[in-house]
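Right, one structure below, let's go through it.
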Amino acid sequence: MIRPMVALTALVAAAAAMPAAAQFQKPEDAVKYRQSAMFLLANHFGRVGAMVQGRVPYDAAAASANADIVSTISHLPFAGFVDGTASTEKGKAKASIWSDRAKFDAAAKKMQEETAKLAAAAKTNSLDNLKAAFGPVGQTCKGCHDDFRNQ
Ligand code: ASC
């Protein structure tokens with residue numbers, strides 16, 4: 001399992017480094033891209049959450065595999081926040097993402113740091129460590145949604 005994950009991480013890093021303009025044919029594709037990345041992020045974070053909250057039995061290998069995916073995918077959504085894709089619709093990206101970009105970027109970085117800590121905690125095979133690292137990730141999700149997603 002180690003080799004494919006290293007290869008996937010390298011691939012994702014390369015994809016994330018590509019210029020957004022080259023990556024998306026049209027603005028709607030960028031929106032679909034970031035929503036798809038966040039859908040996967042929520043799904044895999046949710047699988048870890050189910051163990052943390054005792055809804056499914058703790059399985060250290062599954063927790064680690066999912067936390068690794070969360071950490072890897074945490075780098076993807078941000079290339080999709082291209083100019084001209086703000087909205088005033090509930091649940092959609094607010095204009096403040098672009099007018100307060102430094103704060104948005106810092107929030108993204110914080111989320112990526114916390115997901116890396118979650119992946120590291122999962123590798124200790126300790127449910128207590130996993131639990132301790134889970135909350136801070138959720139806080140970074142929520143913080144960014146509170147600030148940058150239309151309520
Ligand atoms: C999730 C999810 C979020 C965050 C947030 C944490 O699983 O989809 O947006 O966690 O609810 O507070």
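When a ligand or atom number is given, it counts from 1 through the structure's own listing order.
Of the heavy atoms in His145, only side-chain atoms (C-beta onward) come closer than 4.0 Å to ligand 1.
When Leu118, Asp68, Asn129 are each tested for a side chain to side chain contact (heavy atoms under 4.5 Å, CB included) with Lys123, only one passes: Asp68.
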Hey, mind stepping through Lys109 and Glu113 against salt bridge (Lys or Arg N to Asp or Glu O under 4.0 Å) and telling me if it holds? CA-CA 6 Å; Lys109 185 162 177 278; Glu113 288 167 358; 3.0 Å; yes
How far apart are the C-alpha atoms of Thr140 and Gln112, what are their side-chain angles, what is the distance that settles it, and do they pass the side-chain contact (heavy atoms from CB on, under 4.5 Å) test? CA-CA 9 Å; Thr140 64; Gln112 290 159 351; over 6 Å; no
Check step by step if side-chain contact (heavy atoms from CB on, under 4.5 Å) holds for Gln23 and Val82. CA-CA 11 Å; Gln23 203 172 349; Val82 301; over 6 Å; no
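Listed by number with element, the atoms of ligand 1 under 4.0 Å from a non-hydrogen atom of Ala42 are 8 (O). Every atom of ligand 1 with a heavy atom of Gly138 under 4.0 Å away is listed here by number and element: 6 (C), 12 (O). Each of the atoms 12 (O) of ligand 1 lies under 4.0 Å from some heavy atom of Lys142. Taking every heavy atom of Phe45 and a limit of under 4.0 angstrom, the matching atoms of ligand 1 come to 1 (C), 7 (O), 10 (O).
Under the 4.0 angstrom criterion, atom 11 (O) of ligand 1 counts as lacking any protein heavy-atom contact.
Closest to atom 4 (C) of ligand 1 among all protein heavy atoms lies Cys141 CB, 3.5 Å.
A salt bridge does not link Asp147 with Lys94: every distance from a Lys NZ or Arg NE/NH1/NH2 to an Asp or Glu carboxylate oxygen is 4.0 Å or more.
Ring-plane geometry between Phe81 and Trp98 is classed as tilted, the angle between the planes lying from 30 to 60 degrees on a 0 to 90 degree scale.
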